[in-house]
Chemist: 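Mind looking over this structure? Questions follow.
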Amino acid sequence: MSSRNTAYVFEPGAHTRLPVSQDEADGKELLFPVNNIYCVGQNYAAHAREIGTDPKRATPVFFRKPSDSLLPACDAHGASCQVDLAYPPQTTELHHEVELVVALKDGGRNIPRAHAVSCIFGYGVGLDMTRRDLQTAARKAGMPWDMAKGFDNAAPCSALAPVSHCGHPERGVIELTVNREPRQKADLSDLIWSVPEIITFLSRFATLRPGDLIFTGTPEGVSPVYRGDRLEGRINGVGEIAVVIV
Ligand code: MN
């Protein structure tokens, strides 16, 4: 097809991007172009039990959020800052889920475990915001629960810490407070499936690509939030995130 006969119906939107956290020594500002957002369900046993499911299973549970649900919770230079999240429609039970986010710089299909870590660019702190009432009703009815997980600003995420700065965190505190009250607190070593295992399993279902983000699951303590609440998440050695519900 000749390019002189093609035109966009409307101007394509800007690619979804996430800033890379800055190290004073680096100087340059790096942006990570986001492709797909994958999520792992029930990856901490105590959280699986609190939502009424059995944590013992043979393979991880995966789902996706639309990439335009990403809410970068940092400034354009990668410095953490507080961002507003508008309370979404069609719910009266919006829940927080603080999660370690993995950012891929490489992908593929059927990625062997030994190769998985070499696909990782860096890590962030994300919030898998969930319309829990919709999810619970859909699960009871045996219906899909995409609309419980995919909505505007459903995926706030901190700036990304590159592996060159944070390594591959396998242990360390992951926590979330609401209005400074502790709600979620666990250790990354509590993950049922490790990050390399997640990449290996997921690459059997989908071709992973550079730019993909993987939200790796939340520990126990999920709870509803309301307008005016300030959520602060932190993962030791990775970063922090601050979101206000408006
Ligand atoms: Mn989650």
Side-chain angles (χ1 to χ4, degrees), residues 18 34 36-57 59-73 85 88 91 93-104 123-139 144-158 160 169 173-178 183-195 197-199 201-202 205-206 212-225 229 231-235 238-241 243 245:
L18 200 50
V34 174
N36 285 317
I37 302 178
Y38 294 96
C39 303
V40 186
Q42 302 162 30
N43 204 10
Y44 292 82
H47 169 64
R49 284 191 291 268
E50 80 179 342
I51 62 167
T53 57
D54 181 355
K56 293 191 211 72
R57 54 180 68 237
T59 57
V61 178
F62 296 112
F63 60 93
R64 275 170 44 165
K65 285 175 182 272
S67 56
D68 66 4
S69 67
L70 185 78
L71 173 62
L85 191 164
T91 183
E93 196 184 13
L94 178 67
H95 274 199
H96 55 75
E97 298 190 356
V98 65
E99 311 200 357
L100 174 71
V101 176
V102 181
L104 300 187
Y123 296 86
V125 185
L127 300 179
D128 168 14
M129 300 305 293
T130 302
R131 296 195 274 213
R132 189 74 67 200
D133 42 1
L134 297 196
Q135 186 191 32
T136 304
R139 281 173 52 213
W145 36 267
D146 300 52
M147 289 297 114
K149 293 289 194 176
F151 50 89
D152 293 351
N153 299 324
C157 189
S158 71
L160 296 174
V173 171
I174 173 170
E175 62 184 339
L176 180 124
T177 62
V178 177
R183 293 279 178 92
Q184 294 189 268
K185 187 169 188 178
D187 195 283
L188 293 179
S189 60
D190 297 335
L191 280 168
I192 294 173
W193 293 285
S194 68
V195 169
E197 286 170 332
I198 290 166
I199 291 171
F201 272 115
L202 182 55
F205 290 89
D212 287 347
L213 298 180
I214 307 172
F215 282 58
T216 58
T218 198
E220 70 273 25
V222 300
S223 65
V225 291
D229 283 349
L231 287 58
E232 290 179 278
R234 189 180 72 85
I235 299 176
V238 174
E240 47 196 39
I241 185 170
V243 169
I245 311 296

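Just so it is clear, the values below take in all heavy atoms, side chains as well, and ignore hydrogens, waters and symmetry mates. In each ligand, atom 1 is the first atom listed, and ligand 1 is the first ligand listed.
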Chemist: Side-chain donor-acceptor pair under 3.5 Å between Gln135 and Thr130, yes or no?
Modeler: no
Chemist: Taking Arg131 for the side chain and Met147 for the main chain, is one N or O donor matched with an acceptor at less than 3.5 Å?
Modeler: yes
Chemist: Which of these passes side chain to side chain donor-acceptor pair (under 3.5 Å) with Thr218: His96, Gln184, His95, Gln42?
Modeler: Gln184
Chemist: Tell me which one of Leu176, Val101, Ile174 satisfies side-chain contact (heavy atoms from CB on, under 4.5 Å) with Ile235.
Modeler: Ile174
Chemist: Tell me which one of Val98, Val173, Ile241, Thr177 satisfies side-chain contact (heavy atoms from CB on, under 4.5 Å) with Arg234.
Modeler: Val173
Chemist: Using a cut-off of 2.8 Å, how many protein N, O or S atoms sit around the Mn ion (ligand 1)?
Modeler: 3
Chemist: Looking at Glu50, Glu93, Arg132, Arg183, which one forms a side chain to side chain donor-acceptor pair (under 3.5 Å) with Ser223?
Modeler: Arg183
